Undergrad: 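Mind looking over this structure? Questions follow.
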Amino acid sequence: MAQLILTGIGRAIGGNVLANLGSMVGRAVDQYAVASLQAPRQAGPRLRELQIMSAAEGAPVAAVFGRARVPGHVIWAARFREKRIESQAGGGKGGPKVVEYRYSLSFAVALCEGPVDGIGRVWADGKAMDLTGVAMRLHRGGPEQTPDPLSEAIEGAAPAYRGCAYVVFEDLPLEPFGNRLPQLSFEVFR
């Protein structure tokens, strides 16, 4: 629009030379106006890799009698899942588009020698963990223990970890823990 107006003004004042100059200035103004009307995209931080707690070969495994709080040792983990969420900032038209990323992880944590009767509380980073909505399965560590169906589905052939009590978390959201796997400990009953 500015290009048409400035070309017409340049032609009226000084002919073709000023018309060409007005056309160039008008084109620049139009390009700037169009660029400023388009909303910029904003992208949130993304994970490239995930650091997790782990167990070392030859590390001792706890033996629980009665009730005890034991630290967990990650014995299996799938690749983390990334969920991309696009939204409009400010909730209205014309605002910048915001892209957020949310992550979840499926993993298994060894607790102690089995068999165990059950687990009570779970702590994540030293704070009691709210387990509502969390998919967690306990494998008690008996002699006839079978492999976890999730790890078997992902890995193909998965170990049963007979004689070792462990829990499997399925798609645990990592956002409450700063997009990382928290240090876990469990109250075990035997």
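Note that the coordinates shown come from a computational prediction; the quantities given were computed from them, not determined experimentally.
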Undergrad: Ala68 and Val64: which non-hydrogen atoms are nearest, and at how many Å?
TA: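 For Ala68 versus Val64, the nearest heavy atoms are CB-CG1, 3.9 Å.
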
Undergrad: Drop me the distance from Tyr161's OH to Gln145's CD, to the nearest 0.5 angstrom.
TA: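 So the OH of Tyr161 and the CD of Gln145 are separated by 10.5 Å.
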
Undergrad: Any non-hydrogen side-chain atom of Leu150 less than 4.5 Å from a side-chain atom of Glu155?
TA: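 They are not in contact (no side-chain heavy atoms under 4.5 Å apart), so the answer is no.
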
Undergrad: Once salt bridge (Lys or Arg N to Asp or Glu O under 4.0 Å) is applied, what residue pairs with a partner in residues 61-70 remain, sequence neighbours excluded?
TA: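 Found Arg67-Glu187.
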
Undergrad: If every non-hydrogen atom of Leu138 is compared with every non-hydrogen atom of Val167, which pair is closest and at what distance?
TA: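 That closest heavy-atom pairing would be CD1-CG1, 3.7 Å.
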
Undergrad: Return the set of residues passing side chain to side chain donor-acceptor pair (under 3.5 Å) with Arg162 (not counting sequence neighbours), or none when no residue passes.
TA: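 Counting only residues at least two positions away or on another chain, Arg162 forms no side chain to side chain donor-acceptor pair (under 3.5 Å).
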
Undergrad: Residues in side-chain contact (heavy atoms from CB on, under 4.5 Å) with Ala124, at least two apart?
TA: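 side-chain contact (heavy atoms from CB on, under 4.5 Å) check on Ala124 returns Met129, Phe177, Pro182, Leu184.
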
Undergrad: Test: ring-ring contact (aromatic ring centres under 6.0 Å, His included). Region: residues 113-149. Which pairs qualify, not counting sequence neighbours?
TA: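 For residues 113-149, and leaving out neighbouring residues, the ring-ring contact (aromatic ring centres under 6.0 Å, His included) pairs sorted by first residue read His139-Tyr166.
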
Undergrad: Look up atom CE in Met136 and atom CZ in Phe169, then write down how far apart they are to the nearest 0.5 Å.
TA: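 Interatomic distance, Met136 CE to Phe169 CZ, rounded to 0.5 Å: 5.0 Å.
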
Undergrad: State whether Arg84 and Glu82 are salt-bridged, where the test is any N-O pair (Lys NZ or Arg NE/NH1/NH2 against Asp/Glu carboxylate O) under 4.0 Å.
TA: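 No, Arg84 and Glu82 are not salt-bridged.
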
Undergrad: Spell out, yes or no, whether Val61 and Val70 are grouped together once hydrophobic residues are joined by side-chain heavy atoms under 4.5 Å, including indirect joins.
TA: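 Val61 does not cluster with Val70.
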
Undergrad: Mind checking side chain to side chain donor-acceptor pair (under 3.5 Å) for Glu175 and listing every partner two or more places apart, or none if nothing turns up?
TA: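 For Glu175, the residues satisfying side chain to side chain donor-acceptor pair (under 3.5 Å) (neighbours in sequence not counted) are Arg102.
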
Undergrad: What's the separation between atom CG in Leu172 and atom OG in Ser104, rounded to the nearest 0.5 Å?
TA: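 If we round to the nearest 0.5 Å, Leu172:CG and Ser104:OG are 8.0 Å apart.
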
Undergrad: Determine the minimum heavy-atom distance between Ala158 and Pro147, stating which atoms define it.
TA: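 Closest approach of Ala158 to Pro147: O-CG, 3.4 Å.
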
Undergrad: Can you tell me how far apart OG (Ser185) and CZ (Arg121) are? Round to the nearest 0.5 Å.
TA: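 Answer rounded to 0.5 Å: 10.0 Å.
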
Undergrad: Rounded to the nearest 0.5 Å, what separation is found between the CD atom of Glu100 and the OG atom of Ser87?
TA: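 These two atoms lie 5.5 Å from each other.
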
Undergrad: Under 4.5 Å between side-chain heavy atoms, hopping through other hydrophobics if needed: is there a path connecting Val134 to Phe186?
TA: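 Result: yes, single cluster for both.
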
Undergrad: Only distances under 3.5 Å count here; give the side-chain donor-acceptor pairs of residues 106-118 to other protein atoms, sequence neighbours excluded, each with its distance to 0.1 Å.
TA:
| unit_1 | atom_1 | unit_2 | atom_2 | d |
| --- | --- | --- | --- | --- |
| Ser106 | OG | Asp171 | N | 2.9 |
| Ser106 | OG | Asp171 | OD1 | 3.4 |

Undergrad: Between CG of Asn179 and OH of Tyr103, what distance do you get to the nearest 0.5 Å?
TA: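 Separation between the atoms: 6.5 Å.
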
Undergrad: Can you pull the salt bridge (Lys or Arg N to Asp or Glu O under 4.0 Å) pairs that have at least one residue in residues 133-146, sequence neighbours excluded?
TA: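 Counting only pairs at least two positions apart or across chains, the salt bridge (Lys or Arg N to Asp or Glu O under 4.0 Å) contacts touching residues 133-146 are Arg137-Asp148, Arg137-Glu170.
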
